[in-house]
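In this chain, numbering begins with 1 at the start of the sequence shown.
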Amino acid sequence: MNYQVKEIKCLKIDFLLELANEAKDEGHDFVQKTIDDWNSGTNDFSKESELLFGVFYKTDCIGIGGLNIDPYTTDRKTGRIRHLYVSNIHRKKGIGKLILNKLIESSKGSFDKLRLYTENSLAISFYENYGFKKSSANKESHYIEVKKV
């Protein structure tokens, strides 16, 4: 299939509502939180080195993932993977890895380490298979060191 990864930079991201509804049906509210925070300006991924990517199939956004300066540490060289989600019918097709690769590649030169927090067993397997290490640090379940460019 022909998937396109695009950085999301628009004023409103309500086009993610269908994805948010699907996530909510699965018990996840973080896609809706992404929309709400973006639209309110609370987190619009606009600080230096921050970004939000969407994966599109035809005209539909079928996955998202973001990168922030980690708000849970004072180390400005630590980034945080945020709100990575792929539509159920597009899973197991490499979309999650596509997003994660793009986030990690984009972090090089800005961050030395990327952290995230998840309790979801499928997400844990996904990140650990990618190379993220387990952690018990505050607000961190997994991390990966970013290799220099």
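- The main-chain N or O of Val86 is found under 3.5 Å from a side-chain atom of Arg91 such that the two form a donor-acceptor pair.
- The shortest side-chain heavy-atom distance between Ile99 and Ile64 does not fall under the 4.5 Å cut-off.
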Stepwise, does the side chain to side chain contact (heavy atoms under 4.5 Å, CB included) test hold for Tyr127 with Ile81?
CA-CA 11 Å; Tyr127 289 114; Ile81 301 292; 4.0 Å; yes
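- Glu7 places no side-chain N or O within 3.5 Å of a backbone atom of Leu51 that could act as its donor or acceptor partner.
- You'll find the side chain of Asn68 reaches within 4.5 Å of the side chain of Phe45, heavy atoms only.
- Linking ILVMFWY residues whenever their side-chain heavy atoms come closer than 4.5 Å, directly or via other members, places Phe53 and Leu84 in the same cluster.
- Under the 4.5 Å side-chain heavy-atom criterion for Ile, Leu, Val, Met, Phe, Trp and Tyr, Ile13 and Leu19 are members of the same hydrophobic cluster.
- Aromatic ring orientation, Phe30 versus Tyr85: perpendicular (interplanar angle above 60°, classes split at 30° and 60°).
- The distance from atom NZ of Lys24 to atom CG of Asp29, rounded to the nearest 0.5 Å, is 9.0 Å.
- A donor-acceptor pair under 3.5 Å is absent between the side-chain atoms of Asp60 and the main chain of Ile62, judged by distance alone.
- You'll find the side chain of Pro71 reaches within 4.5 Å of the side chain of Arg82, heavy atoms only.
- Atom NE2 of His90 is separated from atom SG of Cys61 by 10.0 Å, given to the nearest 0.5 angstrom.
- Trp38 places no side-chain N or O within donor-acceptor distance of the main-chain N or O of Asp14, the cut-off being under 3.5 Å.
- Here NZ of Lys47 is found 6.5 Å from CZ of Arg76. Values are rounded to the nearest 0.5 Å.
- Summarising the geometry, atom CD1 belonging to Ile104 is positioned 9.5 Å from atom CG belonging to Leu67; distances are rounded to the nearest 0.5 Å.
- Taking both residues in full, the closest heavy atoms of Arg80 and Leu116 are given as NH2-C, 4.0 Å, listed atom of the first, atom of the second, then distance.
- Environment of NZ in Lys33: sparse, with no more than 12 heavy atoms of neighbouring residues, nucleotides or ligands closer than 6.0 Å.
- Val55 is listed as a side-chain neighbour of Val5, based on a closest heavy-atom distance under 4.5 Å.
- Looking at residues two or more places apart in sequence or on another chain, you find a salt bridge (charged side-chain N to carboxylate O under 4.0 Å, His left out) between Arg115 and Asp70, Glu140.
- Ser141 contributes a side-chain N or O that, together with a main-chain N or O of Thr118, makes up a donor-acceptor pair within less than 3.5 Å.
- Taken together through direct or relayed side-chain contacts under 4.5 Å among Ile, Leu, Val, Met, Phe, Trp and Tyr, Phe111 and Leu103 form part of one hydrophobic cluster.
- Ring geometry for Tyr57 versus Tyr3: interplanar angle of 30 to 60°, hence tilted.
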Where do Asp44 and Asp37 land on the side chain to side chain contact (heavy atoms under 4.5 Å, CB included) test, with the steps shown first?
CA-CA 7 Å; Asp44 58 3; Asp37 287 353; over 6 Å; no
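- For CD of Glu145, the number of neighbouring non-hydrogen atoms (other residues, nucleotides, ligands) closer than 6.0 Å is greater than 12.
- Tyr143 and Leu100 sit in two unconnected hydrophobic clusters of ILVMFWY residues. Membership requires side-chain heavy atoms under 4.5 Å apart, directly or through other members.
- Taking every heavy atom of both residues into account, Lys77 and Ser110 meet most closely at NZ-O, 3.3 Å.
- Taking Lys93 as the reference, nothing meets the salt bridge (charged side-chain N to carboxylate O under 4.0 Å, His left out) condition, with sequence neighbours excluded.
- Nearest heavy atom pair, residue Leu16 against residue Val31, reads O-CG1, 4.3 Å.
- Between the side chain of Glu128 and the main chain of Lys134, no donor-acceptor pair closer than 3.5 Å is present.
- Gln4 CD to Leu98 CG: the interatomic distance, rounded to the nearest 0.5 Å, is 11.0 Å.
- Cluster annotation: Leu114 is not connected to Tyr72 through the hydrophobic network of ILVMFWY side chains, with a link wherever side-chain heavy atoms come within less than 4.5 Å.
- How far CD1 of Ile69 is from OG1 of Thr74: 12.5 Å, rounded to the nearest 0.5 Å.
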